[in-house]
Amino acid sequence: MFERRIAVIGTGYVGLTTGACLAALGHTVVCADVDAAKMERLRVGAVDILEPGLADLVSEGIASGRLRFVLDAVSAVRGATEGSGAAEVVFLCLPTPMDPSGRADLFALHSVVRQIRKQLDPGTVLVNKSTAPVGTVASIHTLLGRDDVPVVSNPEFLREGSAVRDFMHPDRIVVGCDTPYGAERVSALYARFGAPTVLTDAASAEMVKYAANCFLAMKLSYVNALAELCEHLGANIGDVTEGIGYDHRIGQAYLKPGPGWGGSCLPKDALAMLRVAESAGCAFDLLRATIATNDRQKERVVDKIRMAVTGSRSGSLAGVRLGLLGLTFKAGTGDLRDSPALGVAALLRRAGAELVGYDPAVAVPPAGATTPALADVRVVDDPVRVAPGARALVLLTEWPEFRALDWASLAGAVSERVVVDTRNLLDVDVLRRAGFTVHSLGRR
Ligand code: UGA
């Protein structure tokens, strides 16, 4: 394998994972990010995000001299230190946030391309890993104004909470480029994984990323809608998904009902794809319904809580104290972005409920500090503290440790023994023995 000099621009969870893993594979990597405080921390190996194995790889990369952190994209591209040589491959791993219309905002991506366009040596390969709509690689190529620098789309399929594992054990590699040279150089970086590699044009590679995330979103909206129907018909969603999942065309993965799909990727990408489809004159009703079903899922969870607590669909939640278990968008991450748990919390708060919440990955904000994402919830540092006075305990994120809570002692602290399990995680028999009435999704 050739060891390359690589620059990674942007050190979010995709950029940092990419940089650290490529350094672990033997390449020399310089990561750049405009966040000076974060770069200071990374230089001493301090990783802010909860990502198993990442901090170790960063420390090992720094110790071996193969992983460095700088503040500006130009130094990363030119080589961080005197004589270290310019990058041969440059990865763009930049945020593409949602603009007010729901489209991906390419400002950060394009401004980095403007900064580095004259700094790239001929033959350098510029790789876009940021999730960006079809046509972005073409726009980068135009902005670059150079025919001696191939531009490649190489979408990432990393899940938060298992990003390092996903990088090192990919299901597939997708490389989109209009020149064989660019495609070969990028696919060679992943050759040792032996994963199926799809070599295609840039537009198709860009489409793969959106198509994958939207398909996953569709699968989950389908399961959540199916769970609702199961409740009406007296069927059990767990048995139904197991039964369909053995069909290899469907598969068992990604079939768990919940309070909706969230995080920094699926909601943003689904809406961006819908906007792109609209601009192209395609109705894409299926995707529209996928998003609408997800929005409704949070309301459905609130209805379920209302029913569990007041016994009526129109009962008031004003002044009702609820204990929330889980705040992050899924277990295994500290990420609160677009968390369905917080979406449900916002609706409950609007209905007048008083919320006390615990999450193993969320620290109690310092006294007096305002954390906008947590505005609706008083965060506590122990799951036991959500219980006193609670009219119901509501499990919103599937942290496995919630199964092992001391439910008998929680039963002694709550004001009413009611649990709403929106992830179907808990052992119903254990809870019933502790005296709880349990409400879950898609079960009789
Ligand atoms: C997602 C994709 O899974 C990755 O392949 C992709 O690379 C990434 O987005 C991205 O675009 O960067 P991630 O955002 O980490 O990864 O989250 P997922 O694990 O996909 O979960 C998304 C949401 O679906 C969460 O709210 C989760 O709780 C929910 N979910 C997932 C369910 O409700 N049920 C399931 O069975 C699975």
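Just follow the structure's listing: the first ligand is 1, and inside any ligand the first atom is 1.
- Atoms OG1 and CG, from Thr131 and Leu94 in turn, are 11.5 Å apart once rounded to the nearest 0.5 Å.
- Checked options Val113, Leu109, Val152; the residue passing with Asn128 is Leu109 (criterion: side-chain contact (heavy atoms from CB on, under 4.5 Å)).
- By the side-chain hydrogen bond (donor to acceptor under 3.5 Å, both in side chains) test, Asp303 is found to be paired with no residue, residues two or more places apart in sequence or in another chain being considered.
- Side chains of Tyr13 and Leu158 form a contact here, defined as non-hydrogen atoms less than 4.5 Å apart.
- Between the side chains of Tyr246 and Glu242, at least one donor N or O lies within less than 3.5 Å of an accepting N or O.
- Leu126 contributes atom CG, which lies 6.0 Å from atom CG of Leu144 (distance to the nearest 0.5 angstrom).
- Protein residues with a heavy atom under 4.0 Å from ligand 1 are Tyr13, Glu156, Phe157, Leu158, Arg159, Glu160, Lys209, Asn213, Leu216, Leu220, Tyr254, Leu255, Lys256, Gly260, Trp261, Gly262, Cys265, Leu266, Asp269, Phe329, Lys330, Arg423.
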